[in-house]
There are 2 protein chains.
Amino acid sequence: MKVAKFGGTSLANAEQIKKVCKIIRADQERRVVVVSAPGKRFREDTKVTDLLIQYAERFLEAGEAPKEKQAIFARYQEIVKELQLSAEVGGQIEAELDTVLSNQKNLSAERFMDAVKAAGEDTCAKVVAHYLRSLGEDAHYVNPLDAGLLVTDEVGNAHVLPEAYEKLASLGADRGITIFPGFFGFTKSGDLVTFSRGGSDITGSILAAAVKADVYENFTDVDSVYVVNPNLVAHPVEVKEITYREMRELSYSGFGVFHEEALIPAYQANIPVCIKNTNNPAAPGTMIVNEPPVSTKRVSGIASDSGFCSIYVSKYLMNREIGFGRKLLQILEEEGLSYEHSPSGIDNISVILRERDLTVEKEARIVERISRELRVDDVSVTHGLALVMIVGEGMRQSVGTTARAAAALAQAKINLEMINQGSSEVSMMFGVKAVDADRAVIALYQEFFCNEEENQPVLASHVSSVSV
Amino acid sequence: MKVAKFGGTSLANAEQIKKVCKIIRADQERRVVVVSAPGKRFREDTKVTDLLIQYAERFLEAGEAPKEKQAIFARYQEIVKELQLSAEVGGQIEAELDTVLSNQKNLSAERFMDAVKAAGEDTCAKVVAHYLRSLGEDAHYVNPLDAGLLVTDEVGNAHVLPEAYEKLASLGADRGITIFPGFFGFTKSGDLVTFSRGGSDITGSILAAAVKADVYENFTDVDSVYVVNPNLVAHPVEVKEITYREMRELSYSGFGVFHEEALIPAYQANIPVCIKNTNNPAAPGTMIVNEPPVSTKRVSGIASDSGFCSIYVSKYLMNREIGFGRKLLQILEEEGLSYEHSPSGIDNISVILRERDLTVEKEARIVERISRELRVDDVSVTHGLALVMIVGEGMRQSVGTTARAAAALAQAKINLEMINQGSSEVSMMFGVKAVDADRAVIALYQEFFCNEEENQPVLASHVSSVSV
C-alpha cells in the first residue's frame with residue numbers, strides 16, 4: 001500500500017486536481033491520500049490558507065469579513081464547477097465550510113484561527129473525494145477526529161500523540177480510497193489543533209507510519225530534490241536517493257522541499273519517502289531511505305541558512321572552570337533560547353543562535369547576565385551569520401573533503417567564521433557572513449558537482465584542480 | 001627592574017649556578033630572582049624534586065628513609081663544595097633542610113609532602129644567595145612566608161590570593177638582590193602549600209606582577225620557543241615574539257616551555273615575559289607580549305596533545321529540545337568532569353574530554369545516565385584522540401588558512417575527526433587519531449613554515465604547492 005500526499009500547487013485548481021486524481025487512479029496501491037489546501041494558481045495568486053488567515057483575522061477584529069469570505073468561497077466554487085460536481089455537492093461543501101467560518105461553535109480566538117486554517121485542507125479533501133466518486137471510484141473523505149489523529153494541545157504547533165498510530169492503523173483496512181485532510185488533528189478533548197505551517201507533510205508521514213505503507217509518496221511541483229537550491233544554480237544535479245539523516249541535515253539549513261518534522265514518523269517506522277512531481281509523475285523522483293545506496297556520492301547536498309548570530313565569551317583560564325559551559329547554556333535556557341552550536345577555544349566559547357529568537361531586550365539582558373554572573377573578561381554578539389552545510393553519508397570517512405571545501409571557499413575569497421565538524425557523521429558546517437552565503441553554496445556546488453573527479457580521494461594536488 | 005626566574009637545568013650543578021649568577025650580575029636591573037630546585041645534570045639524572053618526593057613517600061611509609069635523604073644531601077653538598085661556600089654555610093643549609101625532612105613540626109602526611117617538595121627550591125635559593133654574597137653582591141634569601149606570598153589551601157595545587165600582590169610589592173623596594181624560592185607559598189594560617197608541578201614559573205610571574213617589573217625573564221635551557229616541538233622537527237623556526245593569547249593556546253596543547261598558569265599574573269599586569277637561555281644569554285630569546293607585532297606571521301606555532309576522548313550522543317530532533325546541551329553538560333559536571341570542546345551536528349553532539357579524567361566506572365555511569373536521563377537514540381565513547389592546534393594572531397582574518405591546513409593533512413592521509421574553529425580568534429583545532437598526531441604536526445609545520453610563500457594570501461592554486 002502507498003500513502004500519497006499532494007501539496008498545494010498540486011491542488012490549486014480543477015485542472016491540477018484532475019491530474020492528482022489521475023495519479024491516484026493510476027496505481028491501485030494508492031489507497032490513502034492526504035491533501036493540502038489549494039495553493040497558488042499563478043505566481044501572484046494567494047494560497048487558500050492565506051485567504052483563510054486573512055479572513056479569520058478580519059473576522060476576529062470586526063465580527064464579520066464578507067469580502068474575505070467571498071474570496072474563499074470563490075476559489076472552491078470555481079473548482080467545484082470545473083470539476084462538474086453537482087450543485088447539491090457544491091452547496092453541502094459550502095455550507096459545512098460556512099459553519100466553520102461563522103464560528104457557530106463560539107470558539108476562542110486561537111481555536112477559531114486553527115479551525116479556519118484547517119478548513120482549507122478539510123474542504124479540499126471533501127472536494128477530491130466527491131470528484132473521485134463522480135469518476136466511479138470508491139473514495140471517501142475521512143475526518144481526522146473520527147480516524148483518531150490525536151495530537152498535543154499546542155495551537156498552531158501540534159505534535160502527534162503516540163496512541164494516534166494505533167487508531168489510525170485501521171485506515172489501512174478501509175475499502176476503497178481514503179481521502180484525508182492534512183495539517184491538523186484533534187486533542188483528546190476533541191479540540192481541533194493544526195500542525196506548524198506546511199504540516200500536511202506531517203499528516204502524510206503519520207498515516208504512512210500508521211498503516212505501515214510500502215512507501216510514502218509526497219507529490220509536489222518539482223521532479224526531484226536537487227543537490228543545491230535551484231534558485232542559485234541553474235539545472236542542478238538531481239538527487240536520486242538520499243538518507244533520512246542527510247535529508248534532515250539539509251532540511252535544517254534551508255532545504256525547503258520537505259517539512260522538517262515530517263520525516264520523523266516515516267523515519268521511525270522505516271517507511272521510504274518518495275518526492276514526486278504531480279506535473280510529471282513518470283519522473284522517478286527522489287527516494288528518502290534509511291540506508292545509503294552503495295554507490296552513494298560522498299556529498300549528497302549543499303544548503304545554507306542565514307539569520308544566525310554568535311555570542312562570544314572569553315575568560316582567562318575558562319577551560320579550568322568546571323561547569324562554565326553549562327552555566328552559560330543555563331542562562332540561555334532560562335531566557336527561553338535554544339542554541340544551535342557552541343564552538344570553543346581554550347579560554348573562549350561562542351554560542352550560535354537563531355537571530356529571530358533574540359530580541360534587542362533579550363540580547364542586552366543576556367549579555368549583562370553573562371558579564372555579571374560568569375564574571376567573564378569579554379562578551380559580545382555578532383549578527384548576520386549564515387551556516388553553510390555540506391551533507392553526505394560517508395563523507396567523514398574520506399580524507400580530504402574538508403580540504404576541498406575549504407579550498408573552494410578560499411578561492412571564492414570567503415572567510416570562514418566558524419567550522420563545526422566532528423559530531424555528525426553526515427555533515428560539515430561552515431559559518432560565513434550572511435552576505436557570502438550564496439556565493440559559498442555556489443562555490444561548493446562547483447567543487448563537488450561540477451568536477452569530473454568528485455568521487456576521487458582528494459589530496460592537496462587535487463584541490464588545485466578547482467583553480468584551473 | 002627585571003624579575004628573573006631560573007629553571008631546574010639552570011641550577012642543576014655548581015657550574016650552572018655560576019652561569020646563573022653571572023647572568024644576574026650582568027644586569028643591575030635583575031633585582032628579584034626566583035629559583036627552581038636543581039634539575040637534571042645529565043639525561044639519566046634525577047631532579048632534586050623527584051628525590052624529595054621519593055624521600056617523603058618512603059619516610060611516610062617507613063618512618064625514615066636514610067638512603068633517600070643522603071641522595072638529597074649529596075646533591076647540595078656537591079654544589080656547596082664546588083661553589084666553595086664555607087663549611088659553616090653548608091652546615092647551616094643542611095641543618096635547615098634536615099629540620100624539614102625529619103618532620104620536626106609533625107605535619108600531616110599531605111602537608112609534610114608539600115613541605116618536603118618545597119625544600120628543593122628553598123634550599124637552592126639559600127645556596128644562590130650565599131654564593132652571590134661570596135662574590136661580594138648584596139644578595140639575600142627571602143622566605144615566601146615573610147614576603148607575604150599568600151595562597152589558597154589547595155595542597156599541591158595552590159593559587160595565589162589577590163592580597164599577596166600588595167604585600168609582595170615591597171620586594172621591589174628592597175636593597176640589593178632578592179633571591180626567592182619558587183614553587184610555594186603560605187596560607188593565611190601560615191601553612192606551606194606548593195603550586196602545581198613546575199610552579200616556580202608561577203612564583204616568578206606573581207613577583208613580576210607585584211613589583212611591576214619591566215620584564216619577567218624566564219631562563220631555561222633553550223634559546224627560544226620554537227614554532228613546533230623540536231623533538232618532531234629538527235631545527236625548527238624560532239619564535240621571536242608571541243602574544244599571551246597565542247602562548248596560552250599553545251601551552252594548552254602540550255607546548256611545554258612555560259607553565260600554563262604562569263602567564264596569568266604577567267598577563268593581568270601586562271608585564272612582558274622573555275624566555276631566555278641560561279647557556280646562551282646573549283640570544284634574544286622569545287618575547288611574550290600583549291599586542292601582536294605588526295609584522296607577525298599568520299601562524300605562530302603548531303602543537304598537539306593526545307589523551308582525549310569523545311562522547312557522542314545522538315537524538316532525533318535534538319536541536320529543538322531547549323536545554324539538551326545544558327543537561328548533557330550538567331551530567332558531566334555532576335561527575336566532576338570538565339569538558340574541553342563540544343562540536344555539534346543537527347541531532348547530535350560530541351563532548352571532548354581528557355581521558356585521564358574518565359575512569360572506566362565513571363565512563364560506564366555517564367553513558368548510562370545520558371542514555372536514561374536524556375533518552376537519547378545513541379551514546380558512545382571514542383578513545384585515543386589527539387588535538388592538533390594551529391595558533392596565530394590574525395589567522396582568522398586571512399582567507400585560506402583552513403584550506404592550507406586541511407590540504408596539508410589530507411596530503412598526509414590524515415582523517416579529521418573534528419574541526420573546532422570559530423570562537424578563538426587565534427587558534428584552529430583539529431581532532432585526529434592519537435597515532436596520527438605527530439605526522440599531523442609535521443605536515444602542518446611543513447605547510448606553514450617550510451614554504452617560501454607562507455605569508456601570501458592563499459587560494460586553492462596555492463594549496464597545490466604543498467604537493468610539489
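Note on naming: letters A, B, ... go to the chains in the order of the sequence lines (proteins, then strands), and numbering restarts at 1 for each one.
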* Okay, side chain of B/E373, backbone of B/I331: is any donor-acceptor separation there less than 3.5 Å? -> no
* **Side chain, backbone, both or neither of A/L263 within contact of chain B (heavy atoms, under 4.5 Å)** => both
* Reported CD1-to-CZ distance for the pair B/I202 and B/F195, which is rounded to 0.5 angstrom -> 5.5 Å
* **Interface residue of largest heavy-atom contact number with chain B, from A/A405, A/G431, A/S350, under 4.5 Å** => A/S350
* Structure fact -> Okay, B/L328 and chain A: the region with an atom under 4.5 Å from a heavy atom over there is neither
* Of the backbone (N, CA, C, O) and the side chain (C-beta and beyond), which part of B/Y267 lies under 4.5 Å from a heavy atom of chain A, both, or neither? -> side chain
* Which one, A/I414, A/L329, A/D377, A/L332, leads in non-hydrogen pairs under 4.5 Å with chain B? -> A/L329
* Can you say whether A/L337 sits under 4.5 Å from chain B via the side chain, the backbone, both, or neither, judging by heavy atoms? -> backbone
* To do: Please determine, among A/S338, A/S344, A/A406, the option with the most heavy-atom pairs under 4.5 Å with chain B.
  => A/S344
* To do: State whether a side-chain donor-acceptor pair under 3.5 Å links A/T402 with A/Q421.
  => yes
* **Check ion pair A/D357-A/K362 (N to O, under 4.0 angstrom)** => no
* Asked: To the nearest 0.5 Å, how far apart are CE in B/M389 and CD in B/E249?
  -> 5.5 Å
* Other residues, nucleotides, ligands: >12 heavy atoms within 6.0 Å of A/K433 NZ -> no
